[in-house]
There are 2 protein chains.
Amino acid sequence: MGRKRLQESADGRPTVHTVAARAGVSIASASRVLNGVGGSPETIRKVREAAAEVGYVPNAIARSLQSQRTGLVALAVEDIGNPVYVEMMRAIESVVAASGRQLLVHATGGRIDNETALLRRLAHRYVDGMIVSPIRVTDDHLAALVDSPVPVVVVGQLPADAPVDNVRTDSRTGVGLAVDHLVAAGRRRIGFVNGPLDTVPGAARDAGFRSALARHGIALDERLVEIGDFRYAAGRAAAERLLARAEPDALVCANDLIAVGALHALLAAGRRVPDEVALVGMDDTELAQMTFPQLSSVSLGSAERGRRAAELLLQRIADASLPPRREQVAPSLAVRASSTTTPLFVPAPAEPAPAPRTPEVTA
Amino acid sequence: MGRKRLQESADGRPTVHTVAARAGVSIASASRVLNGVGGSPETIRKVREAAAEVGYVPNAIARSLQSQRTGLVALAVEDIGNPVYVEMMRAIESVVAASGRQLLVHATGGRIDNETALLRRLAHRYVDGMIVSPIRVTDDHLAALVDSPVPVVVVGQLPADAPVDNVRTDSRTGVGLAVDHLVAAGRRRIGFVNGPLDTVPGAARDAGFRSALARHGIALDERLVEIGDFRYAAGRAAAERLLARAEPDALVCANDLIAVGALHALLAAGRRVPDEVALVGMDDTELAQMTFPQLSSVSLGSAERGRRAAELLLQRIADASLPPRREQVAPSLAVRASSTTTPLFVPAPAEPAPAPRTPEVTA
DNA sequence: TTGTATGCGTTATCAG
DNA sequence: CTGATAACGCATACAA
């Protein structure tokens, strides 16, 4: 006869039945003891003993099918090599962990199909909810987001009427902060190294740069604008192209990875930073403090956005009927050595220095 | 009466029953059509239509309970901010994706309890297998690894007799490569900035450094050895401490993050790199090519280790009866500007230059 | 407290 | 090809 109700699972590992049989009790009693609810002292002893002997470990999948939850939350980002996502992830992780859940990260590689596939697969109940930070948003993508089977919070720009929880920043204004700072420092030939214009952040930053220059009455020289992608190598290459045909006295970069690439290009070309060319990155990641000189960078509050996104998600998991919410985090500028010309080898002034700063690289 | 067999799931979302009822067929037929096996043209049409109308999406948890697999593979690493794990992750991802599975990453933060908790939770059937790269290994930890409910592959050093699939490298030898290189370049006062000695990699690198110096007959000056952790900030601080009390003519760092920190410390202290102090990192990550000057670095084949680990895991998932396997990846040295003193401002020689190299930072 | 029986949503088996 | 039904492993309402 076919196995009717054996005591072990298909792959030979122990189940509640194994434990129950061994302890000489029903599976209900076994289950209760294993979950710490009820059971006479004697039963508890027997079950615990049996469980230990067979090395019982509960099947989380089965448990989830029953409880309708997995205790898992996912974060989908484009490029896990970008430190901005690391910061965001850390912030999310701490919130998620505090709720007794576990955070899983999935790198989509920026391929939209990949991201929608994720929503259509992983999200189909493997996780209790997910936070996704899409770099491009198509209608298809948006549709998948909207009728996701599990709660979703989007970090990043989204159409105004999209009924999805959303935490955003204003990178357009953020770029403006960088330009204002540089203009105030007397720079006029300000260059811009951006990522692809067909991405949401790329388009926003481009608009921000142009409007900021206009606001200051500076005519934009298109030779001072160059585009790569949002990674180091392309940023460096783009900066090299720009430097080969123009002479900026400042460079704004669409993120810190690009800025580090640009810094490399500048130093390799013999330009002194910040004396000849000031440099401002964006995202204000760890990376900005690793370079020499350290990078000024526009903070888009990635940790804060992550934290808020996690909170929104947990709230929605708890109550699916909540209306779609939208939160915004304001950008700010972290000024460091890469955009601050200071007198060198000059005795410290009697008044306290404006801010602790590492020495300049130039002599 | 209590709901006997409704057509929708507990949370009101459609199930096979919903679709079947709407299409006027049995759940068996519905399931078959939904899975693309069998079904008359008419049935297929009706079911597809019904599924589309109600927006049916299969419950992956239920499916997994039945199929005994999730199609998910997890990678557990200590610090996702360390680029070495990013490289490893990318390699693993490509192998895993090629098998039609999805990779999830979990950052343990190096806390052992966290990692064992992961094994005891997530691994309890939420994933088909996992790759874990522990930085510390206790007996407890090892035990959890050994009798993990799902296939596990460990990347990193493990006791010789541990019955666990294992991909390792020899960082001890790796440090030796760095020292050899520096000694050959005429450096004698070689310093070492390491991570914690109670970690597996920390201990191995320490041993490697000491034995390498001994091999060259160089007496170790303990003032030239400093310890932080494996991250940037601590690396920089450790290098600063070292530089405050000793005058190395070269620095070996236990990973690239530390090396970048050391580079910052050196430049901030006005030391010229590599002329006054040569610098060699370890892991040969992207980061090594981002700095100026670019970092020489000992490659521990992190991508290769990741790739192999993923292959081992997939094999074991396919056949659990495989004996424990152990693979080793040899270290190699990538020489870049940070450890190569070249004549500056000298006309290019008639013969081709030894290798394309970015200009030195010093003048 | 304990055991029986049923459901979680899906897939697989086995008659019809 | 189709439909009823039995698993998958666990949790729990209910009756004893």
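Letters A, B, ... mirror the listed sequences (proteins, then strands); counts begin at 1.
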Q) Quick one: salt bridge (Lys or Arg N to Asp or Glu O under 4.0 Å) partners of A/Arg168, sequence neighbours excluded? A)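 None.
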**Q.** Five-pair end axes of the helix from C/dT1-D/dA16 to C/dG16-D/dC1 and the angle they enclose, rounded to 10°
**A.**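 The end axes of the helix from C/dT1-D/dA16 to C/dG16-D/dC1 are about 50° apart, to the nearest 10°.
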Exercise answer: donor-acceptor pairs, residues 31-38 of chain B side-chain atoms, under 3.5 Å, sequence neighbours excluded:
{"from": "B/Ser31", "atom 1": "OG", "to": "B/Asn35", "atom 2": "ND2", "distance (Å)": "3.4"}
{"from": "B/Asn35", "atom 1": "ND2", "to": "B/Ser31", "atom 2": "O", "distance (Å)": "2.9"}

Between [X] and [Y]: side-chain donor-acceptor atoms closer than 3.5 Å:
X	Y	result
A/Tyr126	B/Ser64	yes
B/Asp319	B/Ser321	yes
B/Ser40	B/Thr43	yes

Q.
Exactly one of B/Arg307, B/Gln315, B/Arg308 should register a side-chain hydrogen bond (donor to acceptor under 3.5 Å, both in side chains) with B/Glu311. Which one does?
A.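 Single pass found, and it is B/Arg307.
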How close or far is atom [atom2] of [N] from atom [atom1] of [X], stated in whole angstroms?
X	N	atom1	atom2	answer
A/Gln68	C/dG7	CD	P	15 Å
B/Asn59	C/dG7	CG	C1'	14 Å
B/Ile27	C/dG9	CD1	C1'	9 Å
B/Leu65	C/dA12	CG	P	13 Å
B/His17	D/dA4	NE2	P	11 Å

Answer with base, sugar-phosphate or nothing: what part of the nucleic acid does [X] contact at a heavy-atom distance below 4.0 Å?
X	answer
A/Ser67	nothing
A/Ile61	nothing
A/Ser64	nothing

N/O donor-acceptor pairs under 3.5 Å from side chains in residues 54-62 of chain B, not counting sequence neighbours:
{"from": "B/Asn59", "atom 1": "OD1", "to": "B/Ile61", "atom 2": "N", "distance (Å)": "2.8"}
{"from": "B/Asn59", "atom 1": "OD1", "to": "B/Ala62", "atom 2": "N", "distance (Å)": "3.1"}

**Q.** Backbone N/O of B/Leu145 and side chain of B/Ser148: donor-acceptor pair under 3.5 Å
**A.**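 Checked: no pair found.
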Q) Counting only N and O atoms by type, is there a donor-acceptor contact under 3.5 Å from the side chain of B/Asp128 to the main-chain atoms of B/Arg69? A)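 No, because the side chain of B/Asp128 does not come within donor-acceptor range (under 3.5 Å) of the backbone of B/Arg69.
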Q: Between B/Gln66 and A/Pro14, name the one whose nearest nucleotide on DNA chain D is closer to the 5' end.
A: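 Per heavy-atom nearest nucleotide, the more 5' residue is B/Gln66.
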Q) Picking from D/dC10, C/dT11, D/dT2, which would you name as closest to the side chain of B/Arg63? A)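 Nearest listed nucleotide: C/dT11.
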(Q) At a heavy-atom distance below 4.0 Å, what parts of residues 44-57 of chain A sit against DNA chain D? (A)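 Heavy-atom contacts with DNA chain D come from A/Tyr56.
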Q. Is there a residue in residues 30-40 of chain B whose heavy atoms reach under 4.0 Å of DNA chain D, and which residues are they?
A.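 Of all residues in residues 30-40 of chain B, the ones placing a heavy atom under 4.0 Å from DNA chain D are B/Arg32, B/Gly39, B/Ser40.
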Q) Hey, is the side chain of A/Thr15 poking within less than 4.0 Å of OP1 or OP2 on D/dG9, counting only N and O atoms? A)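 False: A/Thr15 side-chain N/O out of range (4.0 Å or more) of D/dG9 OP1/OP2.
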Q.
For A/Ala28 and A/Pro41, find the nucleotide of DNA chain C closest to each by heavy atoms; which residue's nucleotide sits nearer the 5' end?
A.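 The answer here is A/Pro41.
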